[in-house]
Amino acid sequence: MPANDDPDAAAMLRVKRGDVAAFTGLVDKYKQPIINLAWRTLGDPTEAEDLAQNVFVQAYKSAQRYEATAKFSTWLFTIARNLCLNEIRRRSRHPAESLDQTHEDSESPVHQVETKDLASSPPDQLLRGELEAKVEAAIQELPENQRTALLLCREEELSYEEIAKVLGCSLSATKSLIHRGRETLKQKLKPYLRTGDWSEEE
Amino acid sequence: MNADPKVTRLREIAWRRPLTGAEQAELRAWLAAHPEARDEWELELALSRVVKKLPDAAVPSNFTARVLAEAQRRDAAQARGRRRTPAWWWRTFLPRAAVAAVLLVTGLSIYRARERGKETLTTVREITRTAPPPTLALDDYDVIASLSTGPGADEDLLALMQ
């Protein structure tokens with residue numbers, strides 16, 4: 001979609017002219033996918049919320065300089081990915097702070113799935129909860145670029161070309177990242193994926 | 001990965017969304033001709049469904065309001081920064097300018113002192129080079145010192161000339 005036909009880019013141009021309602025509309029539309037991406041990248045819901053907040057604040061601050069040269073969602077996810085990468089780099093520079101993660105791990109996507117679904121009694125729910133936890137764990141173990149490519153692939157807003165722009169690589173490299181990520185997941189999850197629960201469309 | 005362009009296209013669609021009826025029919029027809037790929041495709045489609053159904057992260061109900069408040073707070077802080085008064089500017093600038101001036105004057109003084117030192121050294125070297133050897137200069141010292149200073153001025157002649 002050309003940027004000119006992008007309603008979100010048009011909304012952002014209204015934000016540039018001081019339209020606060022246009023900005024809140026954009027936050028409402030994108031808060032869920034941005035927090036999802038941050039949560040699965042950082043593994044901590046509080047940090048994910050803070051990071052997502054920073055993404056939107058940066059977008060607001062950049063409104064005056066915003067030019068609708070690309071789709072708004074591509075631009076916003078690029079900000080989100082850059083902030084996630086900064087956070088990952090910051091953690092690797094200050095490994096001592098990562099120790100805090102150990103007690104917060106109870107809120108990671110993997111653990112949340114386990115506690116949420118395994119607590120419910122029906123066996124199919126147990127199986128589903130176990131599978132979701134395994135999927136979350138397998139996704140967390142992927143290299144950052146494969147994980148981000150896979151997670152962005154879930155977003156219907158973004159085409160493959162736009163995912164490539166967010167990742168800063170070519171279209172073929174992007175598809176290769178997704179393919180490799182999925183191959184790893186298939187290998188790790190094969191026994192779970194073969195259960196009837198997931199092999200059929202619901 | 002299968003290199004057949006038709007299968008590649010269907011696979012890339014399946015990564016993003018469920019296949020439509022027509023696409024499913026296309027895939028079934030292809031799988032009928034390639035039964036060895038059926039197992040792989042079942043895994044592929046199952047993974048797509050699992051990834052698609054991953055639960056969303058919890059979003060606080062006041063998230064949008066928080067974002068807006070933070071954005072406006074930072075905006076206001078930035079605007080305050082731009083509106084700072086000249087008095088503030090001078091308060092910040094003057095101490096720095098004073099330190100810079102002191103450093104400049106000190107530096108200049110040190111430089112000039114060094115230059116003067118160099119000049120003196122050069123002069124001494126020049127005198128040392130051009131002056132006669134000290135022993136020769138002092139050879140006839142006693143003789144010269146004993147010479148009379150010569151006759152005084154002829155006071156009468158001077159008076160006449162006036």
Side-chain angles (χ1 to χ4, degrees), chain A residues 20 23-25 27-28 31-33 35-40 45 48-49 52-61 63 109 112-113 116-117 128 131-132 134-136 139 150-151 153-156 158-160 175-176 178-179 182-183 185-186 189-190 192-195 197-202, chain B residues 1-3 5 7-21 23-25 27-28 31 37-79 81-82:
Chain A
V20 174
F23 179 67
T24 54
V27 176
D28 280 336
K31 61 187 176 187
Q32 186 69 70
I35 292 181
N36 280 350
L37 177 68
W39 182 39
R40 293 203 162 90
E49 259 177 50
Q53 179 172 308
N54 272 336
V55 170
F56 290 110
V57 169
Q58 279 214 7
Y60 187 80
K61 275 172 64 185
Q112 280 208 349
V113 168
K116 184 186 75 179
D117 287 327
R128 175 163 301 210
L131 174 62
E132 282 180 0
K134 295 281 180 197
V135 176
E136 294 283 11
I139 288 175
L150 240 157
L151 293 174
C153 200
R154 290 178 77 214
E155 302 304 329
E156 288 164 13
L158 298 172
S159 66
Y160 282 118
K175 287 179 178 175
S176 170
I178 297 168
H179 175 70
R182 288 178 63 98
E183 285 303 307
L185 292 185
K186 277 192 282 183
L189 304 169
K190 199 177 266 186
Y192 297 92
L193 293 173
R194 288 201 191 285
T195 62
D197 205 28
W198 296 99
S199 54
E200 295 299 325
E201 195 72 68
E202 286 182 9
Chain B
M1 195 192 295
N2 197 299
V7 179
T8 304
R9 180 178 57 82
L10 288 173
R11 192 190 305 269
E12 287 172 7
I13 293 170
W15 287 350
R16 308 296 313 269
R17 60 165 173 79
L19 298 177
T20 62
E23 288 159 350
Q24 281 182 24
L27 179 61
R28 273 197 299 272
L31 285 175
R38 184 174 294 277
D39 203 37
E40 182 63 25
W41 262 99
E42 277 174 7
L43 274 181
E44 192 76 65
L45 295 174
L47 179 65
S48 290
R49 282 192 286 274
V50 169
V51 170
K52 195 75 188 168
K53 284 180 181 173
L54 284 175
D56 283 331
V59 180
S61 56
N62 64 346
F63 181 80
T64 305
R66 264 171 41 195
V67 167
L68 190 62
E70 180 62 16
Q72 289 178 334
R73 188 190 67 75
R74 289 198 203 175
D75 223 18
Q78 208 172 8
R82 281 196 298 268

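Throughout, protein chains are lettered first and strands after them, A, B, ... in sequence-line order, and every chain is numbered starting at 1. Small disclaimer: the values here were computed from a predicted structure and weren't measured. The basis for the numbers below is simple: all heavy atoms, side chains too, and nothing from hydrogens, waters or symmetry mates.
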Chemist: Taking the side chain as C-beta and beyond, is there a heavy-atom pair between I35(A) and F63(B) under 4.5 Å?
Modeler: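 A side-chain contact under 4.5 Å exists here.
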Chemist: So, for Y60(A) and D75(B), which heavy atoms are closest and what is the spacing to 0.1 Å?
Modeler: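 Minimum heavy-atom separation between Y60(A) and D75(B): CE2-OD2, 3.7 Å.
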Chemist: Any side-chain heavy atom of K31(A) sitting closer than 4.5 Å to one from V67(B)?
Modeler: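 They are not in side-chain contact.
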Chemist: What is the minimum heavy-atom distance between A58(B) and E49(A), and which atoms define it?
Modeler: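 Looking at all heavy atoms of both residues, the closest pair is O-OE2, 4.5 Å.
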Chemist: Determine whether D39(B) and R194(A) satisfy the following criterion, side chain to side chain contact (heavy atoms under 4.5 Å, CB included), listing intermediate values before the conclusion.
Modeler: CA-CA 10 Å; D39(B) 203 37; R194(A) 288 201 191 285; 3.0 Å; yes
Chemist: Considering only heavy atoms, which portion of E155(A) lies under 4.5 Å from any heavy atom of chain B: side chain, backbone, both, or neither?
Modeler: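 Backbone of E155(A) only, per the 4.5 Å heavy-atom cut-off to chain B.
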Chemist: At a heavy-atom separation under 4.5 Å, does I139(A) approach chain B through its side chain, its backbone, both, or neither?
Modeler: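 Looking at I139(A), just its side chain touches chain B.
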Chemist: Any donor-acceptor pair under 3.5 Å linking the side chain of R16(B) with the backbone of L158(A)?
Modeler: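 Indeed, once roles are kept as given, a pair shorter than 3.5 Å links the two residues.
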Chemist: Which answer fits A52(A), side chain, backbone, both or neither, if we ask what part of it has an atom under 4.5 Å from a heavy atom of chain B?
Modeler: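 Interface part for A52(A): both.
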Chemist: Show the nearest heavy-atom pair for residues Y160(A) and E12(B), with the distance to one decimal.
Modeler: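 Minimum heavy-atom contact is OH-O, 2.5 Å.
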Chemist: At what distance, to the nearest 0.5 angstrom, does CG of L47(B) lie from OH of Y192(A)?
Modeler: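 Here the interatomic distance stands at 14.5 Å.
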Chemist: Between atom CG of L193(A) and atom CD of E42(B), what is the distance when rounded to the nearest 0.5 Å?
Modeler: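 These two atoms lie 11.0 Å from each other.
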Chemist: Side chains of V27(A) and L68(B), heavy atoms from C-beta outward: is any pair under 4.5 Å?
Modeler: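 A side-chain contact is absent here, since even the closest heavy-atom pair is not under 4.5 Å.
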Chemist: Hey, which of R154(A), K61(A), K190(A) has the most heavy atom pairs under 4.5 Å with chain B?
Modeler: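 Among R154(A), K61(A), K190(A), the one with the most close pairs to chain B is R154(A).
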Chemist: Does the distance from a Lys or Arg side-chain N to an Asp or Glu carboxylate O, for E156(A) and K52(B), drop under 4.0 Å?
Modeler: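 Counted as a salt bridge, because a side-chain N and a carboxylate O are separated by less than 4.0 Å.
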Chemist: What are the two closest heavy atoms between Q32(A) and V59(B), and how far apart are they?
Modeler: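 So the minimum-distance heavy-atom pair works out to OE1-CG2, 3.4 Å.
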Chemist: Kindly indicate whether the side chain of K175(A), heavy atoms from C-beta on, has any atom under 4.5 Å from the side chain of T8(B).
Modeler: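 Sidechains of T8(B) and K175(A): no contact.
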Chemist: For L43(B), run the side chain to side chain contact (heavy atoms under 4.5 Å, CB included) check against K186(A), R182(A), E183(A) and tell me which one passes.
Modeler: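 Only one option passes, and that is K186(A).
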